[in-house]
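What you see below is based on every heavy atom in this structure, not just the backbone, and it leaves out hydrogens, waters and symmetry mates.
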Amino acid sequence: MFDNVDDFKKKALDNKANLKFKNISIPIGDGEQDFRITGIGEKAIKIEKYVKYEDMMDAVMDGKDEGLEAIIMEFIEDFE
């Protein structure tokens, strides 16, 4: 692991071309979700994921109350 931000940023920027559009698995709730690295800049790394409405409904109906799908649905439901 890196012990300072500058080394971390340098490594990311040095490998920007090879890292961009790679997938990364991130634990969320009781499972893992795949995200795509879509940007590497001076201040941040951007990750993206498309989550289909049907997949969100199916996951919640299957009892996955702690997963990304449920978090997104709850956020939309509570939005004002």
Report task. Determine yes or no for a side-chain-to-main-chain donor-acceptor pair under 3.5 angstrom, with Lys49 supplying the side chain and Phe35 the backbone. Result -> no

**Report entry** Gap between atom CD of Glu74 and atom CD1 of Ile76 - 0.5 Å precision
**Finding:** 11.0 Å

Query raised in the report: Do Phe21 and Ile40 sit in the same hydrophobic cluster, where Ile, Leu, Val, Met, Phe, Trp and Tyr count as joined when their side-chain heavy atoms come under 4.5 Å apart?
Result: no

Report summary line: CE (Met56) and CG (Leu68) are apart, to the nearest 0.5 Å, by 8.5 Å

Query raised in the report: Can you tell me how far the CG atom of Asn15 sits from the NZ atom of Lys20, to the nearest 0.5 Å?
Result: 14.5 Å

Query raised in the report: Under the side chain to side chain contact (heavy atoms under 4.5 Å, CB included) test, which residues partner Lys46, sequence neighbours left out?
Result: Thr38, Glu48

Report task. First locate atom CD of Gln33, then atom CD1 of Ile47, and finally report the distance between them rounded to the nearest 0.5 Å. Result -> 11.0 Å

Query raised in the report: Does Met57 reach the side chain of Met73, with side-chain heavy atoms less than 4.5 Å apart?
Result: yes

Report summary line: To the nearest 0.5 Å, atom OH of Tyr50 lies from atom CG of Asp55 at 14.5 Å

Query raised in the report: Any chance CD of Glu66 has more than 12 other-residue heavy atoms, nucleotides or ligands included, within less than 6.0 Å?
Result: no

Under 3.5 Å, side-chain donor or acceptor atoms of residues 5-14 against the rest of the protein: list the pairs with distances, not counting sequence neighbours.
residue : atom : partner : partner atom : Å
Asp7    : OD2  : Asn4    : ND2          : 3.0
Lys10   : NZ   : Asp14   : OD2          : 2.6

Report task. Give, for atom CD1 of Ile28 and atom NZ of Lys64, the distance between the pair rounded to the nearest 0.5 Å. Result -> 12.5 Å

Report task. I would like to know whether Ile24 and Asp34 meet side-chain contact (heavy atoms from CB on, under 4.5 Å); could you show each step before the answer? Result -> CA-CA 6 Å; Ile24 182 171; Asp34 289 328; over 6 Å; no

Query - From CA spacing to verdict: side-chain contact (heavy atoms from CB on, under 4.5 Å), Glu32, Ile26 - result: CA-CA 5 Å; Glu32 287 193 354; Ile26 299 174; over 6 Å; no

